[in-house]
There are 2 protein chains.
Amino acid sequence: MRVLLVEDDAALGNAVSEQVADQGHAVDWAQTVSDANACLDAAAYELILLDLMLPDGSGLSFLRALRRGGATVPVIILTARDRISERIEGLNAGADDYLVKPFDLSELSARIAAVARRYAGNPNPIVTVGPLEVDLAAHVLRRDGKTITLTAREWHLLEALMRRPGTILSKTQLEESLYNFDSEFESNTIEVHISRLRKKLGKDAIETARGLGYRLNSMASGTAS
Amino acid sequence: MRVLLVEDDAALGNAVSEQVADQGHAVDWAQTVSDANACLDAAAYELILLDLMLPDGSGLSFLRALRRGGATVPVIILTARDRISERIEGLNAGADDYLVKPFDLSELSARIAAVARRYAGNPNPIVTVGPLEVDLAAHVLRRDGKTITLTAREWHLLEALMRRPGTILSKTQLEESLYNFDSEFESNTIEVHISRLRKKLGKDAIETARGLGYRLNSMASGTAS
DNA sequence: GGCGTCCTGACACGAACCTGACGGCATATA
DNA sequence: TATATGCCGTCAGGTTCGTGTCAGGACGCC
């Protein structure tokens, strides 16, 4: 994870950033609100550790501005023990959590790990074409609930076909999308890969248009052999 | 939201359930672990408030059992001020948050609101993948009850893979999550670390997809060599 | 039927991957 | 400071398996 630490106290900042780095995360340490904003402009963070008492402005309004801007990044507030109202305000301003200073470093670790776990990620978009469920990002393909494994070439081919479902793509076009150049020679590579794909996806998943090319059949319903 | 309160102290239980109800949520109040289990069988909850000191068993083991069963419901722990280790253990056992007794009721409200907000869109924290139990916070890894120790690099790699179980991650992606930058030139570091990880986790814990990358195999069941 | 296009099993090559070994480096211990 | 320990990146040799090629057959179209 990439973590932004916003904290003006040098000693605490050092300790925390070291601890976070030890946990294997990349840390950027901002000492002021304007530094923090600069960091946010420069990089994307998965977690922000935010001190509320900063020299050039309130961490609270920084947080509120962040949330108003639609940012969903988890924020953990670092706050003093006696400022209960501040903690409440922080949570209401959109913080996910807080740590009371002085805090145990192992507690910090646990909380960061909790956020990391929670952060685990939004699922990838899944496209369905006919009976096929495809998660292009994860390279997961399912048919009737059963997962099908494809090779690299087969994925590229399927991706090319899925980019324009229903429309016919010529062998030349498909070749180009596989190899990024037109093969000067003719070969039947595409035919072979189409054949291999059909064997996995089901015979009718890909339709051939004689003399023109191939297209994904979004209506297919047959079964794989 | 439907909230399950597990708390044996009558006075506190009354106060809390009243407060939660005032916030517009439905509350069920269980005074023992077995009561709580009965409630869970009977209804689905969006939030659990859990006291750790209960007459008929530890709230911690209740929580762990809950998580082991795959439950993703947010859990806020209610704990005494002086029990820091308990709080940490609680977070590691899969709690999302804790409140230190005695707590301000308005703070409780703020925390519930925070959970409600967070609950809106976030997916499951990952604790077990296949035969592996992973405690990211404590950096403890278990397989078949036996703990396995990993080196720093191995942890990062495993974390990256666990963040998206089942999806294929390219070597480049894995490299980035290890080093926070793309290595300009190629080495087989990832391959080597994958090999070392497999030796510890079991051969089939990580699947390789030739030409694409690697993925955690959540179905793995073989034994480590 | 005759022709061209497409399908598909078989096969061999080589890229991608695995893994044991080694040495550099950092940290711990005395 | 000297020694020991363990992690990590590199390398080399071995292995696996994806991929292109080819050939014979099937199919559609005139």
5'-most by nearest nucleotide on DNA chain D - B:Ala152 or A:Glu154: B:Ala152
Quick check on D:dT21: is either OP1 or OP2 less than 4.0 Å from any side-chain nitrogen or oxygen of A:Ser187? yes
Check whether any side-chain heavy atom of B:Leu174 sits under 4.5 Å from a side-chain heavy atom of B:Leu157, and report yes or no. yes
Would you name the heavy atoms of B:Leu161 and B:Leu216 that are closest together and state the gap between them? CB-CG, 3.9 Å
B:Lys203 side-chain N/O to C:dT19 phosphate OP1/OP2 under 4.0 Å: yes
A:Lys200 atom NZ is separated from C:dG9 atom P, nearest whole Å, by 14 Å
Comparing B:Thr189 and A:Thr189 on DNA chain D - which has the more 5′ nearest nucleotide: B:Thr189
If you take all heavy atoms of A:Leu141 and A:Leu158, which pair is closest and at what distance? CD2-CD2, 4.3 Å
At less than 4.0 Å, is any side-chain N or O atom of A:Lys199 found next to OP1 or OP2 of C:dC7? Yes or no. no
Going by side-chain contact (heavy atoms from CB on, under 4.5 Å), B:Ile48 matches just one of B:Ile76, B:Leu63, B:Ile77, B:Val75. Which one? B:Val75
Using a 4.0 Å heavy-atom cut-off across all strands, classify B:Arg153 as base, sugar-phosphate, or nothing. sugar-phosphate
Of the nucleotides C:dT8, D:dT10, C:dC18, which has the atom closest to the A:Glu191 side chain? C:dT8
Looking at A:Thr151, does any N or O in its side chain come under 4.0 Å of the phosphate oxygens OP1/OP2 on D:dG18? no
Here the distance between atom C1' of C:dC3 and atom CZ of A:Arg210, to the nearest Å, is 11 Å
Out of D:dG18, C:dC18, C:dC7, minimum distance to the side chain of A:Thr208 belongs to C:dC7
Mind calculating the distance between CG (A:Leu212) and P (D:dG28) to the nearest angstrom? 16 Å
Ignoring the backbone of B:Val192, work out which of D:dC8, D:dC11, C:dG9 is nearest its side chain. D:dC11
Donor-acceptor pair present, A:Arg198 side chain and C:dC7 base, under 3.5 Å: no
Closest approach of A:Asn14 to A:Trp29 (non-hydrogen atoms, all atoms of both residues): N-CH2, 3.4 Å
Does a nitrogen or oxygen in the side chain of B:Tyr214 sit under 4.0 Å from OP1 or OP2 of C:dC18? yes
In A:Lys200, A:Lys199, A:Arg196, the residue satisfying salt bridge (Lys or Arg N to Asp or Glu O under 4.0 Å) with A:Glu154 is A:Lys200
Separation of C:dC18 P from B:Ile194 CD1 (nearest whole Å): 8 Å
Nearest whole Å is fine: how far is D:dG9 P from B:Leu197 CG? 13 Å
Between B:Glu207 (CD) and D:dT16 (C1'), how many Å, whole number? 15 Å
The side chain of A:Asn188 lies closest to which of these nucleotides: C:dG4, D:dT21, D:dG9? D:dT21
Is it the case that D:dG6 (base atoms only) and B:Arg196 (side chain only) share a donor and an acceptor within less than 3.5 Å, ignoring hydrogens and angles? no
Residue-phosphate contact under 4.0 Å: B:Lys171 side-chain N/O, C:dC17 OP1/OP2: yes
Does D:dG18 have OP1 or OP2 sitting under 4.0 Å from an N or O in the side chain of A:His193? no
